[in-house]
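Reviewing the structure listed below.
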Amino acid sequence: FADEYYGNNCWGRAYAYLKLGEVYKAKKDIKEGLKTEKTNSDQTNSKLFWIAAELADYEGNKNLEIEFYRKAIFYTPNDLKVKTNLAYVLINNDQYEEGLSLLDEVILAYPYNPFAYNNRAQAHLEKGNLHEAKIDLEKSKRLDPNNPFLYRNYYTYYLLLDDPEKACR
């Protein structure tokens with residue numbers, strides 16, 4: 001194989017193994033694919049680190065998950081999906097400012113991303129910024145009214161307003 005194809009094949013197989021719950025095999029393929037990191041394309045390395053982050057999440061290792069998402073972004077700095085994922089992990093680890101900053105970048109680049117607005121609303125809720133959270137919840141709802149995570153954040157919003165009746169609607 002040419003190195004580029006080798007790393008890419010390792011990424012694809014690792015992704016499939018993770019989806020099948022075969023974590024050991026997925027890890028093995030990620031390690032194998034990263035042996036050619038210097039000659040892989042940036043896109044291939046980003047995919048390898050992205051799936052490594054998914055594996056770290058699967059194992060509950062948030063610090064490693066954050067590290068791997070950062071490496072994925074290093075290789076593809078304009079990848080909005082990876083930035084959105086990293087922001088979500090940062091927010092869930094009380095690193096609100098960095099998470100919010102990343103989501104601001106994502107929204108500036110692509111203002112039609114309902115997940116970015118919803119994740120930003122979550123950060124605002126956790127920080128107690130209810131007005132900002134409501135604005136982002138409404139934007140997210142306009143873009144994707146079927147997102148179940150949106151409603152989880154709406155419930156939180158109404159509970160923080162001490163309105164349990166609205167939280168149940």
Side-chain angles (χ1 to χ4, degrees), residues 4-5 7-16 18-19 26 30 33-34 37 40-58 60-158 160-161 167:
E4 159 130 17
Y5 295 113
N8 201 46
N9 291 338
C10 289
W11 170 84
R13 196 171 50 216
Y15 180 77
L18 180 61
K19 292 300 175 188
I30 292 298
L34 289 173
E37 182 178 359
N40 289 341
S41 70
D42 287 349
Q43 189 67 35
T44 294
N45 283 330
S46 182
K47 288 177 184 179
L48 285 163
F49 282 113
W50 170 74
I51 195 66
E54 294 291 313
L55 280 164
D57 175 49
Y58 184 85
N61 189 336
K62 295 302 175 190
N63 290 332
L64 197 54
E65 182 181 8
I66 290 168
E67 178 185 332
F68 287 148
Y69 275 132
R70 287 186 201 285
K71 287 181 178 181
I73 290 171
F74 170 79
Y75 284 108
T76 55
N78 296 319
D79 188 325
L80 302 181
K81 182 177 179 179
V82 175
K83 282 186 178 182
T84 302
N85 289 355
L86 174 58
Y88 181 77
V89 175
L90 290 168
I91 289 164
N92 283 313
N93 285 278
D94 302 329
Q95 297 178 41
Y96 302 110
E97 297 313 313
E98 186 179 357
L100 284 167
S101 177
L102 280 170
L103 291 171
D104 289 344
E105 287 179 37
V106 170
I107 289 168
L108 185 63
Y110 185 70
Y112 306 103
N113 182 333
F115 300 104
Y117 286 109
N118 188 55
N119 291 349
R120 194 168 72 174
Q122 177 185 340
H124 286 307
L125 288 169
E126 292 180 19
K127 290 184 68 173
N129 302 332
L130 300 184
H131 177 73
E132 292 88 347
K134 177 72 170 177
I135 291 168
D136 282 340
L137 288 170
E138 289 173 356
K139 287 178 183 176
S140 181
K141 187 175 182 180
R142 277 195 298 274
L143 293 169
D144 182 7
N146 299 314
N147 178 355
F149 300 106
L150 167 71
Y151 294 99
R152 179 194 65 196
N153 285 333
Y154 261 117
Y155 302 148
T156 302
Y157 172 77
Y158 286 117
L160 288 170
L161 288 177

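Treat the numbers as computed from the prediction; the structure is a model and nothing was measured.
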Audit row: E54, I51, side-chain contact (heavy atoms from CB on, under 4.5 Å) steps and yes/no:
CA-CA 5 Å; E54 294 291 313; I51 195 66; 4.1 Å; yes

Show your working on side-chain contact (heavy atoms from CB on, under 4.5 Å) between I73 and F49 and close with a plain yes or no.
CA-CA 9 Å; I73 290 171; F49 282 113; over 6 Å; no

Show, in sequence, the C-alpha distance, side-chain angles and deciding distance for Q122 and Y96, and conclude whether the side chain to side chain donor-acceptor pair (under 3.5 Å) test is met.
CA-CA 10 Å; Q122 177 185 340; Y96 302 110; over 6 Å; no

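Atom OH of Y155 sits about 9.0 Å away from atom CG of L150, to the nearest 0.5 Å. Distance CG/L90 to CD/E97: 11.5 Å, rounded to 0.5 Å. In this structure, CG in L108 is found 12.5 Å from CG in N113, a value given to the nearest 0.5 Å. Atom-to-atom distance recorded for L137:CG and N147:CG is 10.5 Å, nearest 0.5 angstrom. A distance of 11.0 Å separates CD in E105 from CD1 in I107, rounded to the nearest 0.5 Å. A distance of 13.0 Å separates NZ in K47 from SG in C10, rounded to the nearest 0.5 Å.
Between the side chains of Y117 and N119, no donor-acceptor pair of N or O atoms lies under 3.5 Å. Between N85 and E65, the side chains place no donor N or O within less than 3.5 Å of an acceptor N or O (distance only, hydrogens not considered).
With Y151 contributing its side chain and P145 its backbone, the two residues share a donor-acceptor pair below 3.5 Å. Remark: the backbone N or O of E132 is not paired with any side-chain donor or acceptor of N129 at under 3.5 angstrom.
The number of heavy-atom neighbours closer than 6.0 Å to NZ of K62, taken from other residues, nucleotides and ligands shown, is above 12. For OH of Y158, the number of neighbouring non-hydrogen atoms (other residues, nucleotides, ligands) closer than 6.0 Å is greater than 12. Heavy atoms of other residues, nucleotides or ligands lying less than 6.0 angstrom from OH of Y154 number more than 12.
Taking 4.5 Å as the limit, every side-chain heavy atom of N118 sits out of range of all side-chain heavy atoms of D136. V106 places none of its side-chain heavy atoms less than 4.5 Å from the side chain of F115. Between V89 and D57 there is no side-chain heavy-atom pair separated by less than 4.5 Å. At least one side-chain heavy atom of I91 sits less than 4.5 Å from a side-chain heavy atom of L103. Side chains of N45 and T76 form no contact here, defined as non-hydrogen atoms less than 4.5 Å apart. You'll find the side chain of K127 reaches within 4.5 Å of the side chain of L100, heavy atoms only.
Taking every heavy atom of both residues into account, L64 and N61 meet most closely at N-OD1, 3.1 Å. Between P114 and S140 the shortest heavy-atom distance is O-OG, 2.9 Å. The two residues A72 and S46 come nearest to each other via the heavy atoms O-OG, 3.1 Å.
With sequence neighbours excluded, no residue forms a salt bridge (charged side-chain N to carboxylate O under 4.0 Å, His left out) with R152. The side chain to side chain donor-acceptor pair (under 3.5 Å) test applied to Y75 returns E37, not counting sequence neighbours.
Remark: of the listed residues F68, Y15, W11, W11 is the sole one forming a side chain to side chain contact (heavy atoms under 4.5 Å, CB included) with L48.
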